[in-house]
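In what follows, a single structure is set out as structure tokens and then discussed.
Quick note on labels: first sequence line is chain A, next is B, and so on, each numbered from 1.
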Amino acid sequence: MTQFKKALFVVGPTASGKSAFAHTLVERQRELGCAFELVNIDAFQFYRGVSIGTAKPSPEELQKYKYHGVDILDVTETIDAARYAEFVWTTCQEVNARGAVPICVGGSGLYLRAALHGLDALPPRNDSLREMFRASAVAWGWPELHRWLSALAPIRAAELHPNDKTRIERALEIAFQLPEGVTLDSILSKSARLSEQTSVGDAFLIHVDCSDEVLKERIYKRLHNMFEQGWVAEVESLQARFGQSFTSTQSFRAIGYPAIWSWLQEFGNCSEASGSNFKVTKKAEVDLLKVIATQTWQYVRRQRTWNAKEQKDWLVDSTYWNGTTLQFIDKFVDFLSK
RNA sequence: GGCGCUUUAGCUCAGUCGGUAGAGCAGUAGACUGAAAAUCUACGUGUCCCCAGUUCGAUUCUGGGAGGCGCCA
């Protein structure tokens, strides 16, 4: 199975310099003798309206670097790992057909694995089933649903903790939709773990990371900058447009949005606390930034845990990198000239 | 100055009717097959503010001291 001929994947924790790295590659494409186009593989930059907090490239950058996959969905829409992987593959094929090499930038663990290794053919998401499971969980608790799963798919159930609601729900959703005589265990037993499967195309993985100290500093500065750019005002406008229903959208799960939302509930009434006046000077504002910085760092830890298991063709330490100069490695040049 | 409350983990605080203590958050590590920036798991020795007294034994009771908060002056 080949979903793309040749693609670069730039992965690494938030604020490590992935985008700057990818942009530099595009700047120097002539020297490398090939054309590049960028494919967003970030789980939240798909959505129009959540822009500042998701660190989207600017409109000029979107055009200059030929980005695909940014602002393709409304904030009220939802994409899932399977549809996401399809999108990446289709886009890569189109880019390949133009004789260019796609650079997929971003990478949230599951989404990267889905794009890189492909998910098994399993029944899709089913919201009415999910509602039913959730209602049952309210009545009986997730450990009880875990017991139901043990009856339907004992091997899968044994892999899951009784409190792991997200995965128990998904496993039950699959089991309920499979045709008679087919079990989730029988499907999963045929394939290796996702991280151990080979890539579904010719992929070159570049990991960008830097020292903890520098990364923490960059995160803090970047968040500060997001506030200066009007992040709080952005959330206020989402509040005005969608009201409470925004809190149940997929895009609301992006780091920072729930925190700013509750901050607005608490302080938003004071006229001077409105989004456009947000300056990160008062204690409440500094506290908000700190909470989001903490959540971002926790995310960095999880990203590194994911990335540790993926192939590494090129490790880039961005600790002292200024975002422009780059020394190409032979392996990389060989991959491009193949 | 007087009165009251308070001092326990990095932070916010429980608690021990006297036998040296535990939650949440933070931190560290791990997992991850259609919510994934989500979700889940594991990991807890700290002069229990200081000094003295009572006691076999005090973080706990008594007295004094110091810091913090509040009210009255």
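In this structure, of B:U33, B:G27, B:U41, it is B:G27 that holds the atom nearest to the side chain of A:T294. The side chain of A:T305 sits closest to B:G30 out of B:A37, B:G30, B:A35. Of the candidate nucleotides B:U41, B:G34, B:C32, B:U41 has the atom lying nearest to any side-chain atom of A:N163. When the nucleotides B:A31, B:A35, B:C40 are ranked by their closest atom to the side chain of A:R134, B:A35 comes out on top. Distance from the side chain of A:R193 is smallest to B:C32 among B:C32, B:U39, B:U33. Here the side chain of A:Y111 is nearest to one of B:G34, B:U33, B:A36, namely B:A36.
Within the structure, a side-chain polar atom (N or O) of A:Q250 is placed less than 4.0 Å from OP1 or OP2 of B:A36. Regarding contacts with the backbone of B:G30, every side-chain N or O of A:K309 stays at 4.0 angstrom or more from both OP1 and OP2. For the pair A:R302 and B:A37, the criterion of a side-chain N or O lying under 4.0 Å from OP1 or OP2 is not met. Within the structure, a side-chain polar atom (N or O) of A:W297 is placed less than 4.0 Å from OP1 or OP2 of B:U28. Within the 4.0 Å cut-off from OP1 or OP2 of B:G27, at least one side-chain nitrogen or oxygen of A:Q298 is found. Of the side-chain N and O atoms in A:T166, none sit less than 4.0 angstrom from OP1 or OP2 of B:C40. Of the side-chain N and O atoms in A:R130, one or more sit less than 4.0 angstrom from OP1 or OP2 of B:A35. Neither OP1 nor OP2 of B:C40 sits under 4.0 Å from any side-chain N or O of A:R167.
A:Q303 and A:N307 form no side-chain donor-acceptor contact under 3.5 Å, judged by distance and modelled atom types alone.
For the pair A:I174 CD1 and B:A35 C1', the interatomic distance rounds to 13 Å; values are reported in whole Å. Distance, A:R83 CZ to B:U33 C1': 17 Å, rounded to whole Å. As a whole-Å value, the separation of A:W306 CH2 from B:U39 P is 14 Å. Between the CD atom of A:Q45 and the P atom of B:A36 there is a distance of 14 Å, given to the nearest Å. For A:I168 and B:U33, the CD1 to C1' distance is 16 Å, given to the nearest whole Å.
Using a 4.0 Å heavy-atom cutoff across all strands shown, A:T296 reaches no nucleic acid atom at all.
Within the 3.5 Å criterion, the main-chain N or O of A:H161 finds no donor-acceptor partner in the side chain of A:H146.
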